[in-house]
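A short write-up of the structure that comes next.
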Amino acid sequence: MEKQYVSAAPAPECLPAHLGIIMDGNGRWAEKKGLPRSAGHTAGAAVFKKITRYASSIGIRYLTVYAFSTENWSRPQEEVGALMILFKKYLQDSLRDFRNDDIKVRFIGDTSKFSPDLKKLIEETREVCKDRTGMVLNIAMNYGGRAEIVNAVHEIAENVQKGMLIPEEIDEKLISSYMDTAGQPDPDLIIRPSGEHRISNFLLWQSAYTEYVTMDILWPDFVPGNLNWALQEYVHRNRRFGGV
Ligand code: IPE
Ligand code: IPE
Ligand code: MG
């Protein structure tokens, strides 16, 4: 199997402005080691921290990580519970650890469905980060691309009903401005580790012309050199956007 590892990152001017990562393979990593799936999520959270810092250090401007999908609620209650505990711990730690990092944490997805204490931490994190100017980190939690589009359609319909918008004004630019990623560039590259080759409801509207790189490695084993490899793949892609 190809090693999918490169020691250095491409030059900053070649990097994707917006990188998406589907952090997949935690469960299988744990099962392979005879551990409970939650141990895989704990290991995955540590990798998430490391890769976030690394992405910021090499000059990525926007990073969106898929942490929990709208469909992940269907997992066994025990696993969902373990994930919620981990999210709380991650946010508590990152409020401390990222205090001196210039990383602007944002949340995409419907965070209203989380417990009051998790929602409070989400608010605190937003508040602490609001004036930061470094890399934007979007954490997709209870996120689904379809749900995001449905919410946008609701809001647009309400604004038409209130007379604040006329149907003729609805174009691609306006729809983008109703998405959770409003004001941000569309992702240039999405990476999915774990050997799956599907999008699983991630950034559906935004990824119309995104380059997609899938990797064999499981997320808890992912190191900066693996990110460099994916970035190198991206650099060699010929993006045509429907042109010639
Ligand atoms: C990704 O890892 C983390 C979440 C979806 C929360 P998985 O838990 O999907 O791991 P696999 O795909 O079962 O190995
Ligand atoms: C996508 O992974 C969601 C996250 C990584 C958070 P899943 O493991 O839920 O996706 P499927 O079930 O393999 O499509
Ligand atoms: Mg999975």
Side-chain angles (χ1 to χ4, degrees), residues 1 4 18-52 55 62-94 105-115 118 121-122 125 137-150 179-181 187 189-207 210-223 226-227 230:
M1 196 166 67
Q4 302 186 324
H18 187 166
L19 166 68
I21 304 180
I22 301 176
M23 305 188 291
D24 195 25
N26 296 349
R28 276 164 284 173
W29 180 90
E31 281 157 19
K32 263 176 49 186
K33 290 187 150 37
L35 298 168
R37 289 178 59 86
S38 59
H41 296 313
T42 306
V47 171
F48 162 48
K49 268 188 173 174
K50 199 163 168 186
I51 294 296
T52 297
Y62 295 87
L63 172 65
T64 301
V65 292
Y66 205 2
F68 192 83
S69 76
T70 45
E71 287 72 48
N72 288 148
W73 295 108
S74 69
R75 295 188 176 198
Q77 218 182 337
E78 195 191 327
E79 181 170 345
V80 172
L83 279 164
M84 295 303 138
I85 291 170
L86 200 61
F87 291 150
K88 266 189 254 171
K89 189 172 156 12
Y90 170 78
L91 289 181
Q92 274 156 354
D93 288 359
S94 67
V105 185
R106 294 178 76 267
F107 296 87
I108 64 170
D110 182 4
T111 53
S112 72
K113 297 288 180 293
F114 293 118
S115 67
L118 185 50
L121 276 168
I122 287 173
T125 309
L137 169 65
N138 299 308
I139 307 180
M141 276 173 47
N142 191 24
Y143 174 87
R146 286 191 168 181
E148 184 187 30
I149 293 169
V150 169
M179 293 291 155
D180 295 352
T181 51
L189 168 67
I190 290 178
I191 302 171
R192 181 164 193 159
S194 91
E196 308 296 354
H197 306 279
R198 54 177 170 263
I199 203 79
S200 301
N201 209 4
F202 189 47
L203 301 177
L204 296 184
W205 171 264
Q206 297 88 336
S207 65
T210 300
E211 295 297 323
Y212 196 51
V213 171
T214 56
M215 298 177 75
D216 295 325
I217 192 165
L218 301 172
W219 178 250
D221 290 326
F222 200 92
V223 294
N226 300 122
L227 178 58

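In each ligand, atom 1 is the first atom listed, and ligand 1 is the first ligand listed.
- Note that CG of Asn72 is 10.0 Å distant from CG of Asn201, once rounded to the nearest 0.5 Å.
- Here atom 7 (P) of ligand 1 lies nearest to Asp24 when heavy atoms of Asp24, Leu86, Asn72 are compared.
- Between the side chain of Trp29 and the backbone N or O of Gly40, no donor-acceptor pair lies under 3.5 Å.
- Remark: the backbone N or O of Gly20 is not paired with any side-chain donor or acceptor of Tyr66 at under 3.5 angstrom.
- At least one heavy atom of Ala67 sits under 4.0 Å from some atom of ligand 1.
- For atom 5 (C) of ligand 2, the nearest non-hydrogen atom of the protein is Met23 O, 3.6 Å.
- For ligand 2, none of its N or O atoms has an N or O atom of Tyr66 under 3.5 Å away.
- Within the 3.5 Å criterion, the main-chain N or O of Asp24 finds no donor-acceptor partner in the side chain of Arg192.
- If you take CZ on Phe68 and NZ on Lys113, they are separated by 12.5 Å, rounding to the nearest 0.5 Å.
- Proximity to Phe68 (heavy-atom distance under 4.0 Å) selects the following atoms of ligand 2: 6 (C).
- Contact annotation: for Arg192 versus ligand 2, heavy atoms closer than 4.0 Å belong to the side chain alone.
- For the atom pair CG of Asp180 and CH2 of Trp205, the computed distance is 13.5 Å after rounding to the nearest 0.5 Å.
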Going through the distances and angles, do Ile190 and Gln206 end up as a side chain to side chain contact (heavy atoms under 4.5 Å, CB included)? CA-CA 11 Å; Ile190 290 178; Gln206 297 88 336; over 6 Å; no
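- Residue-ligand proximity: Arg75 is placed with a non-hydrogen atom under 4.0 Å from ligand 1.
- The protein heavy atom nearest to atom 13 (O) of ligand 1 is Arg37 NH2, 2.9 Å.
- For the Mg ion (ligand 3), protein N/O/S neighbours under 2.8 Å (waters excluded) are Asp24 OD1.
- Using a 4.0 Å cut-off between heavy atoms, Glu196 makes no contact with ligand 1 at all.
- Proximity of Ser194 to ligand 1 is not established, as no heavy-atom distance is less than 4.0 Å.
- For atom 2 (O) of ligand 2, the nearest protein heavy atom lies closer than 4.0 Å.
- For ligand 2, the atoms sitting less than 4.0 Å from at least one non-hydrogen atom of Arg198 are 11 (P), 13 (O), 14 (O), numbered in the order shown with element in parentheses.
- When each atom of ligand 2 is checked for a heavy atom of Ile22 under 4.0 Å away, the hits are 5 (C).
- Distance alone, capped at 3.5 Å, is enough to place a donor-acceptor pair between the Asn226 side chain and the Gln4 backbone.
- The protein non-hydrogen atom at the shortest distance from atom 10 (O) of ligand 1 is Gly27 N, 2.9 Å.
- Contacts between Phe202 and ligand 2, counted as non-hydrogen atom pairs separated by less than 4.0 Å, are absent for every part of the residue.
- At most 12 non-hydrogen atoms from other residues, nucleotides or ligands lie less than 6.0 angstrom from NZ of Lys50.
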